[in-house]
Visitor: 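Take a look at the following structure, please.
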Number of protein chains: 2
Amino acid sequence: MTTINDIAKLANVSRSTVSRHLNKNGYVSQEAQERIDKVIQETSYLPSQSAKSLRTKKTGVIGVILPKISTETASRVVDGINQMLQENDYQMLLTQTSLDKDKEIAFIKLLQSRNVDGVILLGTNTDEALVNEIQKADVPVVVLGQNMPSTTSISYPDYNATVEMITYMLENGYRDISFIGVPEDDPAVGILRKKAYIDTLKKYNLPILEERMAFGDFSIESGYDAMQTIMMHSSQPNAVFVVTDNMAVGAMQYLKENHYSIPKDIGMATTGVSRLSKYIEPVLTTIDFQNEDAGIAITRLLMEKLNGYNKTKKLTHTYRRLSGNSL
Amino acid sequence: MTTINDIAKLANVSRSTVSRHLNKNGYVSQEAQERIDKVIQETSYLPSQSAKSLRTKKTGVIGVILPKISTETASRVVDGINQMLQENDYQMLLTQTSLDKDKEIAFIKLLQSRNVDGVILLGTNTDEALVNEIQKADVPVVVLGQNMPSTTSISYPDYNATVEMITYMLENGYRDISFIGVPEDDPAVGILRKKAYIDTLKKYNLPILEERMAFGDFSIESGYDAMQTIMMHSSQPNAVFVVTDNMAVGAMQYLKENHYSIPKDIGMATTGVSRLSKYIEPVLTTIDFQNEDAGIAITRLLMEKLNGYNKTKKLTHTYRRLSGNSL
DNA sequence: TAAAAAGGTGGAATCGATTCCACAAAAGCT
DNA sequence: AGCTTTTGTGGAATCGATTCCACCTTTTTA
């Protein structure tokens, strides 16, 4: 491998001069520049990032921590993050927790030892241990998807969007709406969306029934099981709101296998549009959190921080309700 | 930030000893080990990877180059890669070309300047410039999805799987099958799958008609357009095979908008199952290339190379045909 | 025309680890 | 007891860049 020393020797200058030219700081004569450029061309020299970042404490790498990449929501967010990072000449180091909370903390540490310049966390909880770790971190950490205490973060409008959706279902005449959620470890999805469901039913003076609610763990299978639990009850609902698309898929599978037709027998709405589902029957009625944009937005906040802006910002992202024929 | 020098000082040993202990090579007394461990605990010290890799020329990072993350196929592959890398204590640096061929080459260079230990490329072409760049690389590069000349690679069984699918369609009575493909820049998808389509029709003594073929660029929109081109012709096919899932989505959208029903008016089959589509109507008949496994397999080959095995291997991945009611 | 400023360059220290080598103490062997 | 291993340790060089500083030359300015 060619190093800056080789370049210096070949171009008959000192390595300081090469470095100055490469980083465009300090003086370098026209002739020296040309000699250096020529040699760099010929040798196709690329500076070692390890050496560079050992000195400068910058790597040009951003760490991204997410629960699972192969979901539509996550991959769309990553797409957005990637776009924004590429514009700013950063690379992305991707890690996946498989929903293991300990790994979130472990990765924050690990990424720092890799000297990333910043971290983007797709949040699944706001546990104290995690908040502490973020505080301790000596690089900026920003969070998407949870309102993380004393951390710059962007939340989705979990409550409002869910209220709107449940209201929409009610206005479409459904009066017996069931709910598939997730545990309360996840404040955004587990608490807010459930609260929105309950509050809205209350507002319409409808009863809140235990047997109309079931909870999963974000997986397709758990959506299947939750739907089954609800439908096995002696009285059955005529609609269901599922808090994530992945679980909605499981729920649909159960309904399909048991010959319930959507929306004839039961109406369905969910969060996190499945791109594909727009083109297939039934077209799901969903809340679209516009994940690419969210990815871009959170990355922009991180870039701001890297450029020295260090107040903590709290934003809420936008959403759109997409109507399908699943209601 | 605490460094190995701080640890050495606090534990009353030299930094050589700390390093020896950390890397478990060479002798370190019991007492010294305990003192060091204690100090490391207290300071929550993590060695700087930049410094480490400057010396060792290893980063523990693998570069992954892919066309676009937010497709089901790519994200599932990444999932598999990630699993395997995590088992082997590697991190993943992810880059996205957005199908720009120049970027493939640029990223191979860039990743090397970042001192990645190896590169996994999800291939879209086998152009000479790319092959050359891979040859020149001073870290192992492995390729998934194309049979890349003189490079360890895993291909999908593009030809055989397509033959099987077209045959299956023929056996189900379809005699007028159209085809939505991609340009021949992509040998695997553009050439092999098309050849399989043509060969199979020939084998059944069916005519190969220009107007039954259209080509897209992997995007949803291009699938829409291709389907339109085919259906605008005076005579219409009664089935269509689409070479990628993303384009199939576009094709379905066109058919839906124009009130063709699948499979009543036109049968459809595709490659790259859409996980979701299994649960919705129509259930697509697809070739599933089991992308997670492919990701695991290609990563395993890279790991072999990193462990010194340096013969070039060529593998073909497996597949399964999944029957739906779209035919 | 002398002093000040700008342009240009190389030497040397530095970042935080690893690793070779020399050396000393303890243990194992005749 | 004397000799060879084994165990344990620290010093110093090294990886490939950046950056401060000293120094020289050329140009500008008063």
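These numbers were taken from a predicted model, which means no experiment stands behind them. So that the names make sense, note that chain A is the first sequence line, chain B the second, and so on, each numbered from 1. The basis for the numbers below is simple: all heavy atoms, side chains too, and nothing from hydrogens, waters or symmetry mates.
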Visitor: What distance separates Q49(A) CD from T56(A) OG1, expressed to the nearest 0.5 Å?
Guide: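 So the gap between those two atoms works out to 8.0 Å.
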Visitor: Per the atom types in the model, does the base of dG10(D) pair as donor or acceptor with the side chain of R20(B) at under 3.5 Å?
Guide: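 A donor-acceptor contact between them is present.
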Visitor: Could you tell me if S50(A) and N115(B) have a donor-acceptor pair between their side chains, going purely by distance under 3.5 Å?
Guide: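 Present: a donor and an acceptor within the cut-off.
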Visitor: Give the rounded distance in Å between these two atoms: CD of Q112(B) and C1' of dG16(D).
Guide: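 Nearest whole value for this atom pair: 17 Å.
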Visitor: Looking at dT9(D), dT18(D), dA17(D), which one has an atom nearest to any side-chain atom of S29(B)?
Guide: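 Between dT9(D), dT18(D), dA17(D), the one nearest the side chain of S29(B) would be dT9(D).
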Visitor: Does a salt bridge link E31(B) with R35(B), judged by any charged N lying under 4.0 Å from a carboxylate O?
Guide: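 Not counted as a salt bridge, because no side-chain N and carboxylate O are separated by less than 4.0 Å.
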Visitor: Report the distance from atom NZ of K57(A) to atom C1' of dG16(C), rounded to the nearest whole Å.
Guide: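 My rounded result for the distance is 7 Å.
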Visitor: Determine the contact category for S16(A): base if any of its heavy atoms lies under 4.0 Å from a base atom, sugar-phosphate if only primed atoms, P, OP1 or OP2 are that close, otherwise nothing.
Guide: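 Base: the residue S16(A), judged by heavy atoms under 4.0 Å, touches a nucleobase.
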Visitor: With a 4.0 Å cut-off on heavy atoms, is V13(A) in touch with a base, just the backbone sugar-phosphate, or nothing at all?
Guide: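 Result for V13(A) = sugar-phosphate.
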Visitor: Expressed in angstrom and rounded to an integer, what is the separation of D6(B) atom CG from dG16(C) atom C1'?
Guide: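 Computing the D6(B):CG to dG16(C):C1' distance gives 10 Å.
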Visitor: Closest approach to the side chain of S14(B), judged atom by atom: which nucleotide of dA17(D), dG10(D), dT9(C) is it?
Guide: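 The closest nucleotide is dG10(D).
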Visitor: In whole angstrom, what separates Q30(A)'s CD from dT26(D)'s P?
Guide: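 It is 17 Å, rounded to the nearest whole Å.
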Visitor: Hey, does S19(B) reach any base, or is it just sugar-phosphate, or nothing, if we go heavy atoms under 4.0 Å?
Guide: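 Counting heavy atoms under 4.0 Å across all strands, the contact made by S19(B) includes a base.
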Visitor: Here's a test for you: under side chain to side chain donor-acceptor pair (under 3.5 Å), which of E104(B), E184(B), K101(B), Q146(B) qualifies with N125(B)?
Guide: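 Going through E104(B), E184(B), K101(B), Q146(B) one by one, the side chain to side chain donor-acceptor pair (under 3.5 Å) with N125(B) is satisfied by E104(B) alone.
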Visitor: Mind calculating the distance between OH (Y27(B)) and P (dA22(C)) to the nearest angstrom?
Guide: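 For the pair Y27(B) OH and dA22(C) P, the rounded distance is 17 Å.
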Visitor: When you check the phosphate oxygens OP1 and OP2 of dA17(D), does a side-chain N or O of N5(A) lie under 4.0 Å from one of them?
Guide: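 So the side-chain polar atoms of N5(A) never come under 4.0 Å of the phosphate oxygens OP1 or OP2 of dA17(D).
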Visitor: Rounding to an integer number of Å, can you tell me how far K52(B) NZ sits from dT18(C) P?
Guide: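 Going from K52(B) (NZ) to dT18(C) (P), I get 5 Å.
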Visitor: Output the single nucleotide from dA17(C), dT19(D), dA17(D) whose closest atom is nearest the side chain of R15(B).
Guide: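 Given the options dA17(C), dT19(D), dA17(D), the side chain of R15(B) is closest to dA17(C).
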Visitor: Report the distance from atom CZ of R55(A) to atom P of dT14(D), rounded to the nearest whole Å.
Guide: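 After rounding, the gap between these two atoms is 19 Å.
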Visitor: Under 3.5 Å, is there a donor-acceptor pair linking the side chains of D100(B) and S98(B)?
Guide: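 There is no such pair (donor and acceptor under 3.5 Å, judged by atom type) between the side chains of D100(B) and S98(B).
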